[in-house]
Amino acid sequence: MTAAAAAWSVVVPLGAATLCFIVRRNLWVAAAGALGTLAAVLALSAGVLAGSVLEVVPGGWALPLGIRWRTDGLTVLMLLATAVILSLTGVHAQGYFSVRCPAAARWFWPLVLVLWAGLNALYLSRDIFNLYVTLELVTLAAVAMVTLEGGTTALRAALRYLLAGAAGALAYLLGVALLYAAYGTLDMGLLAAAIAPKPVAWVGIALMTAGLLIKAALFPLHFWLPEAHGNAPAPVSALLSALVVKAGFYLLVRLWFEAFPGALTPAAGQTLAVLGAAAILWGSALALRQPRLKLLSAAACGPGPAPARHRTAAAGVSSADRAGGRRTRSWARERASWRPARPSPSRPRYRRAGARGQPQTPAARPSRPTAPAAAGAPSAAGRPRPLAACRT
Amino acid sequence: MFALGLYGLALGRPVLRKVMALNIMGSGVFLLLVSIARRHPEPFPDPVPHAMVLTGIVVTTAATAFALYLARRLHHAAGGREDGAR
């Protein structure tokens, strides 16, 4: 039963996501899929916590040809944390999108379910090429979610994230290729037994680590992170910072401790530690200079692993958005009164074809709420601002 | 090839050049994988790297398609094409 639960925890969200893409009013399909996935994850965790570690080889192919999925303590921890975060964010997102842009909600649900499927597979898998597939699945779903905002800056940030993520994935794949060429196996357990401190192993490890560092936005490869988080809808920002970035970091931990110990020297571990410390310092310095709340949490995410701080920051962003005008900081007051706190470029804003063709200057923007808007956005201050995709 | 692509991705100004550079990076990785597959003195090539290449091609194509769509959308948002065609 629990062996099947491992497979169900990936299949259920994928199937539900496919249905959500097809069906127009997909909130209930998404909710059913989420409940099914939650049930599978809980069953799997209960089975593992009651007994010992669970190993599954989907398809029954024997190693070294098969792909091994294994559930140990770390996996259960990540699975449960992901399930809780995704469920709560989904509940929040329902309210968020229904107020700001119901049209975007239709695409949010399948993307969230695909993200969940990819993350579950990522936590379960112990085959380094299967991890590449899951990593790309997670990245593509996350990039698509960043575009839900619809504005030009969001699209630009999504494109940058996509290119950086794809480059990181290719670096990871190159590392996988080198390790396979040297040791003839893709399974982490067999690799751990066969690996040795030789240059080919070091280059492979370095490439895979570089790829994962881009995904985890660890200093100094974090250039894509602040815009992507700052320009995404609030629930998407929460998911990105809490899950997607942590998935890259989790993989680093998993690989370094399970597959690579035979090839490492103490100096290699210290390099990562130095990068992490520099990242924390840099990110904190940058966060102190941000004018917008969301960019602040995004810059605080920039350094990388500090899970407690990120989760509270992400939760703070989501709840701050939900609270509307009840914040006390100065930039929050400005936001509630429809003017952006940071100086905006004088470039023409993105408009759909057929709307007024004149570029809007920042000076003209405060008069926008009083214009008769097709989306029916009211002009009262304190009402949440619709997403750019629904704004025209 | 991988390094060439990485250089183009980092420094290419037009977005299209970045996407092509990404594809060059991918092609470099795939060529390496295919060349791994053939070993002496075995008579048949190893199918596992071939499977990795196929999966990699699929993933990279999906990412490229997405990137091209985003680039096109941004291009239209920034003012459209010179000849006026949308």
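To find a chain, count down the sequence lines: A is the first, B the second, and so on, and within it residues start at 1. Basis for what follows: all heavy atoms, side chains included, without hydrogens, waters or symmetry-related copies.
Between B:Leu74 and A:Leu159, the closest heavy-atom pair is CD1-CD2, 3.9 Å. Between B:Ala62 and A:Leu140, the shortest heavy-atom distance links the atoms CB-CD1, 4.4 Å. Smallest separation of non-hydrogen atoms from A:Ala181 and B:Ile36: CB-CD1, 3.4 Å. For the residue pair A:Thr152 and B:Ala77, the shortest heavy atom distance occurs at OG1-CB, 4.2 Å. Across all non-hydrogen atoms, the minimal contact from A:Leu162 to B:Ala63 is CD2-O, 3.6 Å. Residues B:Ala67 and A:Leu163 come closest through the heavy atom pair CB-CD2, 4.4 Å.
Residue contact with chain A, scored on non-hydrogen atoms closer than 4.5 Å, involves the side chain of B:Val15 exclusively. For A:Ala164, no part lies near chain B; criterion is any non-hydrogen pair under 4.5 Å. Neither the backbone nor the side chain of A:Ala169 comes within contact range of chain B; no heavy atoms are under 4.5 Å apart. Proximity to chain B (any heavy atom under 4.5 Å) is restricted, for A:Val176, to the side chain, taken from C-beta onward. Within the 4.5 angstrom heavy-atom criterion, no atom of B:Tyr69 approaches chain A.
Within the 4.5 Å cutoff, side-chain heavy atoms of B:Met52 are placed close to those of A:Tyr180. Side-chain contact between A:Phe129 and B:Val48 is absent, with no heavy atoms from C-beta onward closer than 4.5 Å. A:Leu178 is listed as a side-chain neighbour of B:Leu32, based on a closest heavy-atom distance under 4.5 Å.
Counting non-hydrogen atoms of neighbouring residues, nucleotides and ligands closer than 6.0 angstrom, the CZ atom of A:Arg160 reaches no more than 12 such neighbours.
Annotation: the span from A:Leu170 atom CG to B:Ile24 atom CD1 amounts to 12.0 Å, rounded to 0.5 Å.
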